[in-house]
Amino acid sequence: MSQIPDLVRDSELETHFRPDCSIETVHAYHQRSVRSRRQPLPRSEHWRRVKRIGGGGFGSVWLEQCTQGGRGDGEVRAVKQIEIDQHSTQLDCYRELEAIAKFSQRKYEEWFVKSFGWYKGPAHLFIAMEYLELGDLYTYVHRSPPLSESEVKDITYQILDGLRLMHENEFTHRDLKLHNILLKSCPPNEWWVKIADFGISKRIEDGLGAPTTTKGTPGYMAPELLGFTERSLPYAIDIWAVGEVMFQMFTKEPTFKSPGQLARYVNNPSNFPSSLLRAARVSQLGVDFILSLMCPVPDDRITAQEALNHSWMDQSLSHP
């Protein structure tokens, strides 16, 4: 237990499982008034599973509804269920939980999907999170008409602003993609997106250099993660992923359809498929912006803060 960071330990939920823990879970709380000497008053919340809403190699995500003791009728949450025996190590779980707990604080809730805490069963670790019923950006992009450059600019600004906060706090996301950008609001309302899924996030601690393992989602991985260039600043892999997210928002296609195409671009940057962006009526300044995010050499990529100050971002933006 000594390896558990304080943020992780403090966010653990006291949990009692029903005989069939896959159906109902009970959390116990002990509340005490700061002005009272009385014993804490016990309170409990009962949560029942409704349906599966997502999943992947890590496990699954479920929609749950509070049936007793919640804040109001119909209160719901999303619960990520991680199969511990298939996870690499418990330390990886704690690293994810540390990032989630850190960026679930009130001052970060505009940019990140909020967690309400975590709990552990015999073979699974569970993370309770806010449920965003509008879904993820990947589903929206591929089911809707092409996004305008102004819309892509607005979404990109919010993603970069969130990454700026992560990088300033010495965290990298390491798996940024359209699926991990969830929608708080979208047209006909204003765009408001939140960064989710810190499954392989990594804190850059003193004495640690570039990541030594290759993790991420194919199609979003920077060339240095595939061995095409030298590894350098760990934050640069997130910046590359923002460029890929932008490219797919404009074109609904990946920038490079195979590692071979990516390797050819690394060896000759003139092989970048800018023609697909121009066919999508992206301005030259917008194309240049994506190129600055997806520079083959990590050290030459702009930072999140520099991207926010880029001339492409100069025009007024709407914010949530």
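Shown here are the ring pair (Phe, Tyr, Trp, His ring centres under 6.0 Å) partners of Phe289, two or more places apart in sequence or in another chain: His310, Trp312. For Ser11, the side chain to side chain donor-acceptor pair (under 3.5 Å) test picks out Trp118, with sequence neighbours left out. Take Trp111 and apply the side chain to side chain contact (heavy atoms under 4.5 Å, CB included) test, not counting sequence neighbours, and it matches Asp161, Leu165. A search for side chain to side chain donor-acceptor pair (under 3.5 Å) contacts involving Ser274 returns nothing, not counting sequence neighbours. Scored by the side chain to side chain contact (heavy atoms under 4.5 Å, CB included) test, His27 finds Leu13, Thr15, Thr25, Tyr29, Trp47, Arg77, Tyr119 as partners (sequence neighbours excluded). Annotation: side chain to side chain donor-acceptor pair (under 3.5 Å) contacts of Ser270 (sequence neighbours excluded): Asn268. His124 is linked by a side chain to side chain contact (heavy atoms under 4.5 Å, CB included) to Gln81, Glu83, Phe126, counting only residues two or more places apart in sequence or in another chain. Remark: Glu230 pairs with no residue by the side chain to side chain contact (heavy atoms under 4.5 Å, CB included) rule, at least two apart or across chains.
Pairs engaging residues 281-310 under the salt bridge (charged side-chain N to carboxylate O under 4.0 Å, His left out) rule: Glu224-Arg301 [sequence neighbours left out]. Every pair passing salt bridge (charged side-chain N to carboxylate O under 4.0 Å, His left out) that includes a residue from residues 178-189 is listed here, sequence neighbours excluded: Glu130-Lys184. Residue pairs that meet the salt bridge (charged side-chain N to carboxylate O under 4.0 Å, His left out) test with at least one member in residues 240-255, sequence neighbours left out, are Glu253-Lys257.
When atom types are taken as modelled, the side chain of Asn271 and the backbone of Gln261 share no donor-acceptor pair closer than 3.5 angstrom. Between the side chain of Ser104 and the backbone N or O of Ser115, at least one donor-acceptor pair lies under 3.5 Å. Put simply, the side chain of Arg48 never gets that close to the backbone of Glu64: no donor and acceptor are under 3.5 Å apart. With hydrogens and angles ignored, the 3.5 Å screen pairs a side-chain donor or acceptor of Gln158 with a backbone N or O of Trp191.
From Asp238, atom CG reaches atom CZ of Arg164 across 14.0 Å, with rounding to the nearest 0.5 Å. Atom CH2 of Trp192 is separated from atom NZ of Lys194 by 5.5 Å, given to the nearest 0.5 angstrom. Note that CG of Asp175 and OG1 of Thr172 are 11.0 Å apart. Values are rounded to the nearest 0.5 Å. Interatomic distance, Arg106 CZ to Lys114 NZ, rounded to the nearest 0.5 Å: 7.0 Å. From Cys186, atom SG reaches atom CG of Leu132 across 11.0 Å, with rounding to the nearest 0.5 Å.
The two residues Ile195 and Leu163 have their closest heavy-atom pair at CD1-N, 4.1 Å. The shortest non-hydrogen separation linking Leu183 to Leu137 is CD2-CD1, 4.0 Å. Minimum heavy-atom separation, Val287 to Val282: N-CG1, 3.9 Å. Summarising the geometry of Met221 relative to Pro218, their closest heavy-atom pair is SD-N, 4.0 Å, with the distance given to 0.1 Å. The nearest pair of heavy atoms linking Glu149 to Phe250 is CA-CE2, 3.8 Å. In this structure, Ala304 and Leu160 approach most closely via the heavy-atom pair CB-O, 3.8 Å.
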Output a table of donor-acceptor pairs, distance under 3.5 Å, between side-chain atoms of residues 139-147 and any protein atom two or more places apart or on a different chain; print 'none' if there are none.
from	atom 1	to	atom 2	distance (Å)
Thr139	OG1	Asp136	OD1	3.1
Ser144	OG	Tyr140	O	2.8

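Within a 6.0 Å radius of OH in Tyr138, other residues, nucleotides and ligands contribute 12 heavy atoms or fewer. Atom CD of Glu133 is surrounded by 12 or fewer heavy atoms from other residues, nucleotides or ligands within 6.0 Å.
For the residue pair Thr217 and Lys177, a side-chain donor N or O sits within less than 3.5 Å of a side-chain acceptor on the partner.
Looking at heavy atoms from C-beta onward, Leu97 lies in side-chain contact with Leu125 at the 4.5 angstrom threshold. Between Trp240 and Leu176, the closest side-chain pair of non-hydrogen atoms is not below 4.5 Å. Ile100 places none of its side-chain heavy atoms less than 4.5 Å from the side chain of Glu98. With contacts defined as side-chain heavy-atom distances shorter than 4.5 Å, the pair Phe256/Phe272 qualifies. For the pair Gln284/Arg278, a side-chain contact is recorded, criterion being any heavy-atom separation below 4.5 Å from C-beta on. Between His46 and Ser44 the shortest side-chain heavy-atom distance falls below 4.5 Å. Using a 4.5 Å heavy-atom cutoff, the side chains of Thr255 and Met294 are in contact. Tyr220 is listed as a side-chain neighbour of Val245, based on a closest heavy-atom distance under 4.5 Å.
Among Val297, Ile237, Val266, the one residue that satisfies the side-chain contact (heavy atoms from CB on, under 4.5 Å) test with Pro223 is Val266.
Between Phe103 and Phe171, the ring planes are perpendicular. Angles over 60° get that label, and only those under 30° would be called parallel.
Placement of Phe228 and Leu225 within a single hydrophobic cluster is found when ILVMFWY residues are connected by side-chain heavy-atom separations under 4.5 Å, directly or transitively.
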Should Ile127 and Met129 be marked as a side chain to side chain contact (heavy atoms under 4.5 Å, CB included) after you check the CA-CA gap, both sets of side-chain angles, and the distance that decides it?
CA-CA 6 Å; Ile127 305 172; Met129 304 172 291; 3.9 Å; yes

Evaluate the criterion salt bridge (charged side-chain N to carboxylate O under 4.0 Å, His left out) for residue pair Lys153 and Glu151; output intermediate values, then yes/no.
CA-CA 5 Å; Lys153 188 194 303 282; Glu151 288 180 293; over 6 Å; no

